[in-house]
2 protein chains.
Amino acid sequence: MPPFAQQRFALLSEDDALVGIHLTDAPQQAGYRLLEPSEARRNPLIRKLEGFGVLSEADRAILAQISANPRLIGPRIDLIREGDRPEGVFLILDGMACRHKVRQTGARQILAYLLPGDLGDHDVALLDTMDHTISTVSACRVVHVSPEIIAHLTQHHPQVARALRMSTLVDEATLREWLVNVGCRSAVERLAHLFCELLVRLRAVDRTEGDSFDLSVTQGELADATGLSNVHVNRSLQELRRQGLIELKGRRLTILNLPRLKAVGEFRSNYLHLGNRTAA
Amino acid sequence: MPPFAQQRFALLSEDDALVGIHLTDAPQQAGYRLLEPSEARRNPLIRKLEGFGVLSEADRAILAQISANPRLIGPRIDLIREGDRPEGVFLILDGMACRHKVRQTGARQILAYLLPGDLGDHDVALLDTMDHTISTVSACRVVHVSPEIIAHLTQHHPQVARALRMSTLVDEATLREWLVNVGCRSAVERLAHLFCELLVRLRAVDRTEGDSFDLSVTQGELADATGLSNVHVNRSLQELRRQGLIELKGRRLTILNLPRLKAVGEFRSNYLHLGNRTAA
DNA sequence: CGTTGCGTTGAGAGGCTTCAACCTAGGTGG
DNA sequence: CCACCTAGGTTGAAGCCTCTCAACGCAACG
């Protein structure tokens with residue numbers, strides 16, 4: 001298989017998960033199903049957007065409805081490719097996806113990791129072609145959110161729309177921080193910073209256990225995200241282990257000394273604009 | 001002077017350029033002054049936004065009104081700093097500004113160049129603090145666009161609002177391309193790519209003469225933008241000159257062989273989403 | 001005419017890459 | 001149930017791209 005020639009995910013298949021949502025009436029009607037508190041807490045989109053502002057019960061209900069019936073997609077499947085026409089956005093409910101670009105030389109740069117609760121910019125559809133590719137990294141539960149649903153949210157759920165815009169701003173701030181990471185940090189610093197960021201972002205959607213989380217990523221993928229070679233990623237990981245900062249076995253990363261790891265990566269979470277959430 | 005301890009621009013002074021605009025009535029009234037065709041062509045904001053869609057005469061008039069009475073600001077002045085509360089956005093009419101971050105080590109990363117017609121994300125105000133600093137690079141003509149004016153545009157000038165959102169998407173795409181640049185291109189390639197991008201962006205607002213444009217940037221600033229040292233920027237520039245690709249004297253960059261420079265930098269303008277404008 | 005910021009050049013060092021081999025674990029098929 | 005297979009992790013060696021340090025030139029400016 002040529003490098004990064006990945007399978008493509010059938011975008012709008014017959015059994016699309018969103019058939020059955022009736023946007024025009026359901027949410028307005030009285031009697032939409034109240035969410036179990038635990039249900040809302042488990043939904044990463046609701047978790048995330050509530051961090052950006054107060055949502056109404058109707059807001060939470062529509063978000064839960066959107067998140068219902070996700071598709072299970074295997075690892076390394078393209079969701080949408082550079083050159084494709086964007087139609088709506090993808091919402092990640094579980095697993096890890098990424099935005100990336102591949103050079104003609106075969107070199108690849110991962111531009112962002114999409115974690116549970118993350119979704120693309122809500123008005124990408126204004127542009128006629130994608131300038132990068134979005135692929136799953138691990139197996140994911142994914143929902144394709146159609147332009148109609150997005151329009152519905154912006155028209156009838158202003159608090160959700162506002163939270164989505166803030167979410168987009170944070171995505172952009174994260175991209176800037178990645179540029180700083182790759183532009184002027186050493187290999188060990190880059191990895192330290194990346195791990196701190198992932199911990200904080202995953203914690204915000206309750207996908208961590210203490211300072212430990214699932215990291216189903218190869219070292220080669222870490223290399224593509226940090227602008228390093230996989231060999232050097234390997235050695236830098238060993239350095240972080242040797243210093244007693246992390247433990248990385250298989251697909252589980254445990255941060256053994258978060259304060260020091262933050263210090264090494266010069267990590268400040270301000271760019272994630274978590275506000276008064278449990279500061280990490 | 002400590003590195004990058006720059007002067008701060010007084011944000012909302014008495015003689016703010018925008019006093020005198022009466023948003024609530026003027027644009028709706030019949031009889032707003034018609035723009036000279038040449039006037040609209042010279043205004044980089046109008047030029048740029050027209051590239052994203054058709055604007056009405058009223059749209060152009062309000063944009064011209066906003067652009068009236070800019071402030072002249074010297075080089076290396078901070079417009080807004082990391083940690084500040086964003087209030088509205090800055091619009092660059094002439095000159096060059098940049099977004100950047102400074103590490104505790106003193107290392108700096110330039111995150112984006114703001115060229116004539118560029119302005120910040122229209123809803124930054126949703127976030128309570130800036131996570132990076134915006135400074136002039138060369139002397140600039142700058143307008144501070146208040147949140148009220150932005151709100152007015154989004155409510156009464158849908159085509160302008162739409163163009164602004166597209167503009168924001170392009171800014172984000174540009175940021176992604178910069179990450180690719182720094183993440184996986186060599187020094188010469190990075191500079192070649194940057195120069196191609198600047199040419200195309202400046203050409204879109206008519207700030208070029210052929211394949212030549214004003215580049216009032218020190219080599220140290222090019223280094224901060226490309227994640228290189230200034231010494232290596234110097235040597236890479238010499239390499240580009242030696243290959244007959246560019247001529248860089250003082251503050252003027254002339255691209256002598258655009259096709260080859262593009263090839264060297266692997267430059268494709270798709271991420272700028274210029275659509276059917278004069279493709280460069 | 002001295003100062004200052006910036007471009008230029010040289011030398012040495014080091015971080016990171018490349019190439020290549022080997023190891024390990026997990027999955028597959030006989 | 002075991003042998004094979006493959007992807008990914010690990011290790012070594014060599015080299016180069018880029019950095020740092022330092023000196024010098026030069027033009028603009030007060």
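Lettering follows sequence order; numbering is per chain, from 1. Source: prediction; values computed, not measured.
- Between B/R176 and B/E172 there is a salt bridge, since at least one side-chain N of the basic residue sits less than 4.0 Å from a carboxylate O of the acidic one.
- A heavy-atom distance below 4.5 Å is found between the side chains of A/I134 and A/H132.
- Side-chain contact annotation: B/N234 with B/Q238, donor-acceptor N/O pair under 3.5 Å present.
- Rounded to whole Å, atom C1' of C/dG15 lies 12 Å from atom CD of A/E189.
- A salt bridge links B/D211 with B/R203: the closest approach of a Lys/Arg side-chain nitrogen to an acidic carboxylate oxygen falls below 4.0 angstrom.
- For B/R76, the listed nucleotide lying nearest its side chain is C/dC6; candidates were D/dA13, C/dC6, C/dG7.
- Atom C1' of nucleotide D/dT18 and atom CZ of B/R235 are separated by 10 Å, given to the nearest angstrom.
- Contacts of B/G250 with the nucleic acid, taken as non-hydrogen atoms under 4.0 Å apart, are absent.
- Listed nucleotides C/dT9, D/dT10, D/dT18 differ in distance to A/N234; the shortest reach to its side chain belongs to D/dT10.
- Taking atom CZ on A/R190 and atom P on C/dG15, their separation rounds to 13 Å, with Å as the unit.
- For the pair A/L237 CG and D/dG8 P, the interatomic distance rounds to 15 Å; values are reported in whole Å.
- Counting to the nearest Å, the P atom of C/dT8 and the CZ atom of B/R242 are 16 Å from each other.
- Between the CD atom of A/E239 and the C1' atom of D/dG9 there is a distance of 18 Å, given to the nearest Å.
- Using a 4.0 Å heavy-atom criterion, one finds that A/R241 contacts the sugar-phosphate atoms exclusively.
- Between D/dG12, D/dT10, D/dC19, one nucleotide has an atom nearer to the side chain of B/H232 than all others, and that is D/dC19.
- With respect to the salt-bridge test (charged N to carboxylate O, under 4.0 angstrom), the residues A/K48 and A/D118 qualify.
- Backbone-only contact: A/T218 has heavy atoms under 4.0 Å from sugar-phosphate atoms and none from a base.
- Counting to the nearest Å, the P atom of D/dC19 and the CG atom of B/L228 are 5 Å from each other.
- Distance, B/L215 CG to C/dC6 C1': 14 Å, rounded to whole Å.
- Of the candidate nucleotides D/dT10, C/dT9, C/dC16, D/dT10 has the atom lying nearest to any side-chain atom of A/Q238.
- Among the nucleotides C/dG7, C/dC19, D/dC19, the one closest to the side chain of A/V231 is C/dC19.
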